[in-house]
Amino acid sequence: QVQLVESGGGLVQAGGSLRLSCAASGSIFSINAMGWYRQAPGKQRELVAAITAGGITNYADSVKGRFTISRDNAKSTAYLQMNSLKPEDTAVYYCKADKVVPGVEHYYWGQGTQVTVSS
């Protein structure tokens, strides 16, 4: 069992910045990839950024050059630095973690944190 808690969301003006944090606790051994997803009203949840335990990253085209995902394995925490925010970035942002044990993958989600960007 893994628990994920997001923090750092809020209200900012277009062009501003926010830094989201995702702290993992519980049975954190063998966590592989961690990632950030977002869901805007009336839209499907989409991948924003992901990072493996080895530091390999993947970004949605819409956020490349503006967002940066990172992780601190010692702290079991993932971060999302969001710069040059746009109103279309407004969404609930969710943290996801994948835990791999022999032959099985487990997926865990945080509760989400609201990001609102005003025009």
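Position 1 is the first residue of the sequence; numbering continues from there. As a basis for the values below, the full set of heavy atoms in this structure was taken, side chains included, without hydrogen atoms, waters or symmetry mates.
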Problem - Sole candidate of Lys99, His106, Gln1, Gln3 that passes side chain to side chain donor-acceptor pair (under 3.5 Å) when paired with Ser27 - result: Lys99
Practice task
Examine distances only and state if a side-chain atom of Thr68 and a backbone atom of Gln81 form a donor-acceptor pair shorter than 3.5 Å.
Solution key: no
Fill in the blank from the handout: The residue among Trp36, Phe67, Tyr79 that forms side chain to side chain contact (heavy atoms under 4.5 Å, CB included) with Leu20 is Trp36
Completion exercise
Output for pair (Ser119 OG, Lys86 NZ), nearest 0.5 Å, gives 14.0 Å
Problem - Salt bridge present between Lys64 and Asp61 (N-O < 4.0 angstrom) - result: yes
Practice task
Could you pull out the closest heavy-atom pair between Ala24 and Ile31, with the gap in Å?
Solution key: CB-CD1, 4.2 Å
Completion exercise
Residues Thr90 and Ala40: closest non-hydrogen pair is O-CB, 3.6 Å
Exercise for the section: Examine Val12 and Leu80 and state if one hydrophobic cluster contains both, with Ile, Leu, Val, Met, Phe, Trp and Tyr joined whenever side-chain heavy atoms are less than 4.5 Å apart. Expected result: yes
Problem - Linked, directly or transitively: Val115 and Tyr59 (ILVMFWY side chains, under 4.5 Å) - result: yes
Handout entry: Minimum heavy-atom distance Ala53-Arg71, with the two atoms named
Key = N-NH1, 3.2 Å
Problem - Hydrophobic cluster identity match, Tyr37 and Val2, side-chain contacts under 4.5 Å - result: no
Exercise for the section: Would you kindly confirm whether Tyr94 and Met82 end up in one hydrophobic cluster when ILVMFWY residues are joined by side chain heavy atoms under 4.5 Å apart? Expected result: no
Problem - Closest heavy-atom pair and its distance - Glu6, Tyr93 - result: OE2-O, 4.0 Å
Fill in the blank from the handout: Nearest heavy-atom contact between Leu4 and Cys95 is CD1-O, 3.7 Å
Practice task
Measure the CG-NZ distance between Leu47 and Lys96 for me, rounded to the nearest 0.5 Å.
Solution key: 8.0 Å
Fill in the blank from the handout: Smallest heavy-atom separation, Arg38 atom then Asp89 atom, equals NH1-OD1, 3.0 Å
Completion exercise
Rounding to 0.5 Å, atoms CD (Glu105) and OG (Ser30) come to a distance of 11.5 Å
